[in-house]
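Here is the structure we will look at.
Residue numbering restarts at 1 for every chain, and letters A, B, ... go by the order of the sequence lines.
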Number of protein chains: 2
Amino acid sequence: MPHRRADVVARALAVLDAHGLADLTMRRLAADLGVRPSALYHHLASKQELLGAVADSVLARRPPPAPTGEWAADTAATCAWLRESVLAYRDGAELVATVASYGLGARAAYDAVVAALGPAGLDDALTGTAARTLWHFVLGHALDEQTHLQADSVGALPGRDDPRHRRPEPDFDRGLGLVLDGIGLRARSHGHV
Amino acid sequence: MPHRRADVVARALAVLDAHGLADLTMRRLAADLGVRPSALYHHLASKQELLGAVADSVLARRPPPAPTGEWAADTAATCAWLRESVLAYRDGAELVATVASYGLGARAAYDAVVAALGPAGLDDALTGTAARTLWHFVLGHALDEQTHLQADSVGALPGRDDPRHRRPEPDFDRGLGLVLDGIGLRARSHGHV
DNA sequence: ACCTGAACACCGTTCAAGT
DNA sequence: ACCTGAACACCGTTCAAGT
């Protein structure tokens, strides 16, 4: 039975999650679909386009939270959504960060951060700066976790190396709080609430 | 004349700067040195090791600024140094970010950020969180510039697309200020000075 | 010590041709 | 429309052998 573009992208997502970004090759994906590599180019123009579509699938698994108008809570919720979305798939953070930095996808997710930030009342340029700062923080942090770099080895204050402690949310929340407070100092209504 | 490891790494840095990270392959580097690809493995165990060494070369071009004890000024200066270091070579940000996230190098640079932050008096865990937040901000921001994504297209508030405006330092400085202020709220002496 | 030669197991992409 | 077959121009790495 013939495949459609959506089948190819869905299968690519499965390969990503099962084997990682390094093993998500056009040839392996083709083999997985029971087809020759050249057949993929009937559905997609390039591997770049495939990666963009897969990244968008990762981010479409769950929709971003609907804004309530409280910028700090909305922004925190949107960042948490982005984090959870990329952590839900193997190498999700690396994929989304790469795709976004080459402008191949993930636009809706970035726009969701900008939208959440809106009611803070920053001027356009500063809103963009704040959104990019949050974007890099969330993806960089998730990337550290997923390449696991066991989190504190990029990390590692000399002398602090407990073997297996998850250090899960607290580190993310504290870092996010840092940035949100910095934004809060510049928001229309000082003190981010 | 035979080569030494340092020659190989120096040549790799030249290839990086002239042709970009995608073209920095073992085969191309070997050809550039007038040698067969297999000869490189006499000097380096793997391409990963090469990339780690090249990243360290990028960061060794200039030493990080010496701390003065004023954490906010020192941290800003160290971030500026990191930014300038990676921007000084083609694809420098991508290289350093990748190498760091896989734990292959760039440790001294990260430690310099931690050291600058020291006098802020945060506890160890929060110092690490703050340092990683800054690290991701600086490299993510530089990456956006270098993949030029023309800066505001990860970016692009809908309706704001002037064609060719550099938007150089201000955006970086404002983003950095955001994070530094967030850190300042948690520093021993509130208000980051 | 430093390198060659030859191989292994891969890549992304194009394009004429089949059905 | 969807795919095959065959090719092109590449990858990183290993290993026996040369000097």
Original post:
Looking at B:Leu51, B:Leu13, B:Asp91, B:Asp17, which one forms a side chain to side chain contact (heavy atoms under 4.5 Å, CB included) with B:Leu24?
Top reply: B:Leu51
Original post:
When rounded to the nearest 0.5 angstrom, what is the spacing between CG in A:Leu178 and CZ in B:Phe137?
Top reply: 13.0 Å
Subject >> Interatomic spacing from OG1 in B:Thr25 to CZ in B:Arg27 - rounded to 0.5 Å >> reply: 8.0 Å
Might you list the N or O atoms of the protein lying below 3.5 Å from N or O atoms in nucleotides 8-13 of chain C, with each pair's distance?
| unit_1 | atom_1 | unit_2 | atom_2 | d |
| --- | --- | --- | --- | --- |
| C:dC11 | OP1 | A:Thr25 | OG1 | 3.2 |
| C:dC11 | N4 | A:Arg27 | NH1 | 3.4 |
| C:dG12 | OP1 | A:Met26 | N | 3.2 |
| C:dG12 | OP1 | A:Lys47 | NZ | 3.1 |
| C:dG12 | OP2 | A:Met26 | N | 3.0 |
| C:dG12 | OP2 | A:Arg27 | N | 3.3 |
| C:dG12 | N7 | A:Arg27 | NH1 | 2.6 |
| C:dG12 | O6 | A:Arg27 | NH1 | 2.8 |
| C:dT13 | OP2 | A:Tyr41 | OH | 2.7 |
| C:dT13 | OP2 | A:Lys47 | N | 2.9 |
| C:dT13 | O5' | A:Tyr41 | OH | 3.3 |

Subject >> d(CG, B:Leu44; C1', D:dT14) in whole Å >> reply: 16 Å
Original post:
Whole-Å distance between C:dC2 C1' and B:Leu33 CG?
Top reply: 13 Å
**OP:** Taking only Lys NZ, Arg NE, NH1 and NH2, and the carboxylate oxygens of Asp or Glu, determine whether B:Asp7 and B:Arg11 approach each other closer than 4.0 Å.
**Re:** no
Original post:
With a 4.0 Å cut-off, would you call A:Arg5 and A:Glu49 a salt bridge?
Top reply: yes
Looking at [X], I'd like to know whether one of its side-chain N or O atoms comes within less than 4.0 Å of OP1 or OP2 on [N].
X	N	answer
B:His43	C:dC3	yes
A:His42	D:dT4	no
B:Arg36	C:dG5	yes

Original post:
Short question: side chain of B:Arg90, backbone of B:Ala18 - any donor-acceptor pair under 3.5 Å?
Top reply: yes
Original post:
Considering only the P atoms, how many Å lie between C:dA9 and D:dA9, rounded to the nearest integer?
Top reply: 23 Å
**OP:** Counting Watson-Crick and G-U wobble pairs only, both distances under 3.5 Å, name the nucleotide matched with C:dC15, or none.
**Re:** D:dG5
Polar-atom pairs under 3.5 Å, protein N or O versus N or O of nucleotides 17-19 of chain D: list them with distances, or write none.
none

Subject >> Parallel, tilted or perpendicular: rings of A:Tyr110 and A:Trp135 (30°, 60°) >> reply: perpendicular
Original post:
Will you find, in the side chains of A:Asp171 and A:His141, an N or O donor that is under 3.5 Å from an N or O acceptor?
Top reply: yes
